[in-house]
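Given the structure is predicted, the values throughout are model-derived calculations rather than measurements. Throughout, protein chains are lettered first and strands after them, A, B, ... in sequence-line order, and every chain is numbered starting at 1.
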There are 2 protein chains.
Amino acid sequence: MVDHDRIRTDEAPSGNPGGGKETVNQVTERRTKVTIQDVARAAGVSITTVSRYLNGRFSSMSAETRDRIARVIAETGYQPSRVAQALKANRTGIIGAIVVNLGYPLCVSVIRALSEAVEPYGLQLMVAESRGDAERERRALDAMRRQAVDALVVQTDGMNNALLAEWTKEKPVIWFDRGFGIAGGMDVVTNNLEASRELTLHLAQQGYRHVVYVSEPLRGIETRMDRLAGYEQACRSTGLRSEIHWVHRGQPATYEPVLERVRSAMSDGPAAVYTANGLILQELYPRLRRLDITVPDPLGIATFDQPDWADIATPALTCVRQPTEAMGQAIARALMDADEAWPENARRIVIPSELRVSASTSLRNPD
Amino acid sequence: MVDHDRIRTDEAPSGNPGGGKETVNQVTERRTKVTIQDVARAAGVSITTVSRYLNGRFSSMSAETRDRIARVIAETGYQPSRVAQALKANRTGIIGAIVVNLGYPLCVSVIRALSEAVEPYGLQLMVAESRGDAERERRALDAMRRQAVDALVVQTDGMNNALLAEWTKEKPVIWFDRGFGIAGGMDVVTNNLEASRELTLHLAQQGYRHVVYVSEPLRGIETRMDRLAGYEQACRSTGLRSEIHWVHRGQPATYEPVLERVRSAMSDGPAAVYTANGLILQELYPRLRRLDITVPDPLGIATFDQPDWADIATPALTCVRQPTEAMGQAIARALMDADEAWPENARRIVIPSELRVSASTSLRNPD
DNA sequence: CTGAAAGCGCTAACAT
DNA sequence: ATGTTAGCGCTTTCAG
């Protein structure tokens with residue numbers, strides 16, 4: 001078995017005398033983890049040689065030594081301690097990811113894709129959420145720093161960007177979803193403005209006389225500003241009147257003006273509601289339906305984001321699908337390329353979203 | 001990237017004497033991370049003393065020494081390396097979490113709660129997903145082991161339970177959602193059977209003549225077996241005929257028999273469909289709606305899980321809300337208690353789910 | 001081809 | 001009250 005002579009870690013396996021079953025975890029012997037020392041000893045070589053083996057430098061090693069080590073490792077199930085390696089190499093193999101909220105489908109989706117993409121490289125993800133709170137984000141950053149993550153992937157409102165900007169000097173930092181163009185960093189985002197414009201144009205073309213835009217307060221958040229800008233551009237180019245409503249999620253009262261407006265707009269002909277993200281619509285939707293106005297005519301409904309219930313809603317929801325998988329993969333790729341600093345001209349990756357037209361905005365029947 | 005040989009790490013201990021602005025790092029000087037050595041030197045004490053300071057052993061230290069160290073730390077922004085501490089203490093402060101799928105609301109929700117709950121203790125989460133695949137899960141476990149996580153939280157089908165059982169001898173292992181009663185481990189689950197029975201009884205009481213149960217293949221998965229058992233118990237006690245349909249998510253054809261059955265059942269009076277989890281219903285729901293049978297009369301719809309679209313669906317969905325936050329918190333608590341081995345009689349924590357009756361099953365109008 | 005030795009940053013006896 | 005010293009498990013010169 002293992003060959004641990006390491007000073008008898010446990011002298012008292014006596015621990016479980018009373019137990020009737022005697023299922024005593026097979027002699028609770030607190031198996032002391034096998035180290036490179038143990039392997040070296042068992043193989044009758046020095047730890048240096050084992051280390052060489054571990055790092056694939058077989059050329060400087062006789063075939064038998066190699067095989068002997070291989071056998072011992074297989075027998076003992078030895079796995080090098082990543083902690084020790086990390087201390088030595090100053091690399092942990094851990095990627096830190098801080099997102100606004102793990103409950104947001106976008107975050108989860110990007111994290112999944114990222115996790116998947118870096119796994120083959122032996123990298124693991126450490127995740128934390130900021131809840132959009134500067135202090136919490138700061139704590140998460142501290143934690144990441146202390147855990148010595150090799151790189152950082154953040155979705156942030158930017159409240160700690162000064163700190164992050166510092167970090168770019170030490171390790172790769174990637175902003176996703178919301179970019180800031182921080183020097184030394186990298187942004188991975190979608191084309192919020194264009195996609196938003198496209199959706200608005202679609203609504204106009206369908207013949208909706210009003211498109212009521214519903215957003216959370218901008219607070220300087222890029223995605224929000226861009227989506228709004230796209231909406232406004234489309235309004236200008238089509239002659240639609242720009243009608244913007246601000247809501248706060250979790251505060252039902254803030255939705256009232258929207259409902260009021262929708263109701264009143266009806267007298268003018270068909271109108272559409274366009275929400276700046278799926279979570280807003282999730283709160284707004286039930287209220288909208290309670291107005292008892294038929295969708296899509298005279299009421300159209302569309303949103304940025306592709307909620308998982310887009311096809312559950314009846315009629316199915318027109319929405320903007322963000323390229324979350326591609327974003328996760330792009331982040332992973334950037335991470336792998338991070339050894340040689342990113343070229344200045346490739347510091348911002350924009351991956352297009354996709355407009356998915358469904359029945360909830362089909363005013364015009366194809367004719 | 002970043003590989004500075006330290007040889008004169010400090011050289012400018014006095015650096016920033018008067019301070020003033022001089023926000024140095026302008027000079028992209030690849031700030032080499034400050035270590036306990038640097039602090040000791042700057043404070044004119046030994047690293048032992050600094051270590052004592054870090055660990056709050058102020059009693060064995062003069063007030064001025066303490067203050068001096070405090071000042072140096074503040075100035076340098078020093079933070080002890082968790083990697084070094086980990087190597088020494090054999091504890092990383094990282095909790096490994098392996099879930100079936102980060103896309104499942106249940107997983108995310110539990111992870112969020114857990115993450116939140118352990119944060120105050122300075123613990124971080126490392127997450128991975130298995131996709132229900134033994135090999136992937138195994139790889140994730142290997143990764144966790146190499147990263148030397150302090151504890152493991154898993155949602156698993158059980159394919160690597162032998163390995164996990166071994167681990168319980170070395171560190172705390174908690175199974176959640178799906179328990180297995182592994183010796184040495186701990187299960188944190190909900191009362192699937194009872195909740196399922198309760199939901200079925202509710203449907204029977206509403207007057208549905210048939211309750212069609214839709215599940216994925218059991219494959220030995222506790223939650224699935226228990227939910228089915230609850231359904232069957234309720235059937236027996238009410239005289240309902242047990243009608244079970246198996247589907248595979250992502251395989252539309254497998255849903256056809258369900259739709260067929262629902263259609264035919266209609267001739268018999270009102271019938272309800274009860275899906276074993278929210279993801280099944282997410283796939284089934286649109287198809288069900290296409291049958292064009294009115295909900296809740298004559299067609300009732302209910303599901304285990306509380307999808308985020310439960311209130312979006314019209315009529316709102318009757319469902320079983322799993323106590324995900326409580327589960328996350330329970331896991332965290334168990335983790336904190338894990339120093340002294342869990343008492344034998346507390347190895348399984350069952351947190352009740354909550355039946356949320358909504359309009360989708362309101363056959364009987366309150367009268 | 002192989003090994004001895006010097007650390008990586010930190011903690012904890014064991015002095016003093 | 002403070003310092004010396006010996007590692008934690010691994011990688012990497014530098015010498016054979």
Side-chain angles (χ1 to χ4, degrees), chain A residues 2-7 9 32-69 73 76 78-93 122 145-148 150, chain B residues 2-10 32-69 73 76 78-93 122 145-148 150:
Chain A
V2 179
D3 179 63
H4 23 212
D5 58 2
R6 15 186 73 253
I7 324 190
T9 343
T32 158
K33 198 147 74 290
V34 22
T35 80
I36 197 173
Q37 272 288 359
D38 304 325
V39 175
R41 212 137 36 200
V45 297
S46 78
I47 60 171
T48 308
T49 304
V50 178
S51 176
R52 288 204 182 92
Y53 175 92
L54 294 177
N55 295 284
R57 277 190 278 291
F58 304 120
S59 56
S60 47
M61 192 180 322
S62 75
E64 3 169 22
T65 317
R66 164 160 45 75
D67 296 344
R68 201 142 18 96
I69 296 180
I73 288 184
T76 57
Y78 165 74
Q79 286 205 266
S81 154
R82 196 113 189 197
V83 175
Q85 289 178 319
L87 180 58
K88 184 70 187 166
N90 204 26
R91 296 180 68 264
T92 54
R145 174 168 173 199
R146 283 170 47 89
Q147 291 288 6
D150 289 344
Chain B
V2 188
D3 188 351
H4 21 234
D5 58 1
R6 0 198 75 254
I7 323 206
R8 86 205 213 308
T9 336
D10 43 348
T32 158
K33 197 144 78 295
V34 23
T35 80
I36 198 174
Q37 273 286 2
D38 305 324
V39 176
R41 215 139 31 201
V45 297
S46 78
I47 59 171
T48 308
T49 305
V50 178
S51 175
R52 289 204 181 92
Y53 174 93
L54 294 177
N55 295 282
R57 277 190 278 292
F58 304 119
S59 56
S60 47
M61 192 180 321
S62 77
E64 7 170 20
T65 319
R66 166 162 40 78
D67 296 343
R68 200 140 22 93
I69 296 180
I73 289 184
T76 56
Y78 165 74
Q79 287 205 264
S81 153
R82 195 116 187 194
V83 175
Q85 289 178 319
L87 180 58
K88 183 69 188 169
N90 203 28
R91 297 179 69 264
T92 54
R145 173 170 172 196
R146 283 172 46 90
Q147 291 288 6
D150 289 343

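In terms of phosphate contacts, A:Arg82 brings no side-chain nitrogen or oxygen within less than 4.0 Å of OP1 or OP2 of D:dG9. In terms of phosphate contacts, A:Ser46 brings no side-chain nitrogen or oxygen within less than 4.0 Å of OP1 or OP2 of C:dA4. The side chain of B:Arg91 places no N or O atom within less than 4.0 Å of a non-bridging phosphate oxygen (OP1 or OP2) of D:dC8. Contact between the side-chain N/O atoms of A:Ser51 and the OP1/OP2 oxygens of D:dC10 is not found at any separation under 4.0 Å. For the OP1/OP2 pair of C:dG3 and a distance below 4.0 Å, the side-chain nitrogens and oxygens of A:Thr49 include at least one atom meeting the criterion.
C:dC8 atom P lies 13 Å from atom CD1 of B:Ile36, rounded to whole Å. One atom, NZ of B:Lys33, and another, C1' of C:dC8, lie 10 Å apart when rounded to the nearest Å. For B:Arg52 and C:dC10, the CZ to P distance is 16 Å, given to the nearest whole Å. The distance between atom CD of B:Gln37 and atom C1' of D:dT5, rounded to the nearest whole Å, is 13 Å. Between the C1' atom of C:dT11 and the CG atom of A:Leu87 lies a distance of 13 Å, rounded to the nearest Å. Taking atom CD on B:Gln85 and atom C1' on C:dA12, their separation rounds to 13 Å, with Å as the unit. Atom OH in A:Tyr53 sits roughly 14 Å away from atom P in C:dT2 (whole-Å rounding). Protein atom CG of A:Asp38 is 9 Å distant from nucleotide atom P of D:dC10, rounded to whole Å.
Each of A:Lys88 and A:Arg66 was assigned the nucleotide of DNA chain C with the nearest heavy atom; the assignment lying further toward the 5' end belongs to A:Arg66. Nearest-nucleotide positions on DNA chain D for B:Val45 and A:Leu54 put B:Val45 closer to the 5' end.
More than 12 heavy-atom neighbours from other residues, nucleotides or ligands sit within 6.0 angstrom of CZ on B:Arg145. Applying the 6.0 Å contact sphere to CZ of B:Arg91 captures no more than 12 heavy atoms from other residues, nucleotides or ligands.
Backbone-only engagement by A:Asn55 is indicated by non-hydrogen atom pairs under 4.0 Å involving sugar-phosphate atoms exclusively. Backbone-only engagement by A:Ser81 is indicated by non-hydrogen atom pairs under 4.0 Å involving sugar-phosphate atoms exclusively.
Judged by distance alone, the side chains of A:Ser62 and A:Thr65 do bring a donor and an acceptor atom under 3.5 Å apart.
Of all nucleotides listed (C:dT2, D:dC10, D:dT2), D:dC10 comes nearest to the side chain of A:Ala84.
By the 4.5 Å heavy-atom criterion applied to side chains, B:Leu54 and B:Ile73 are counted as neighbours.
With hydrogens and angles disregarded, a donor-acceptor distance shorter than 3.5 Å links the side chain of B:Asp38 to the backbone of B:Thr35.
Side chain A:Thr48 to base C:dA4: a donor-acceptor pair is found below 3.5 Å.
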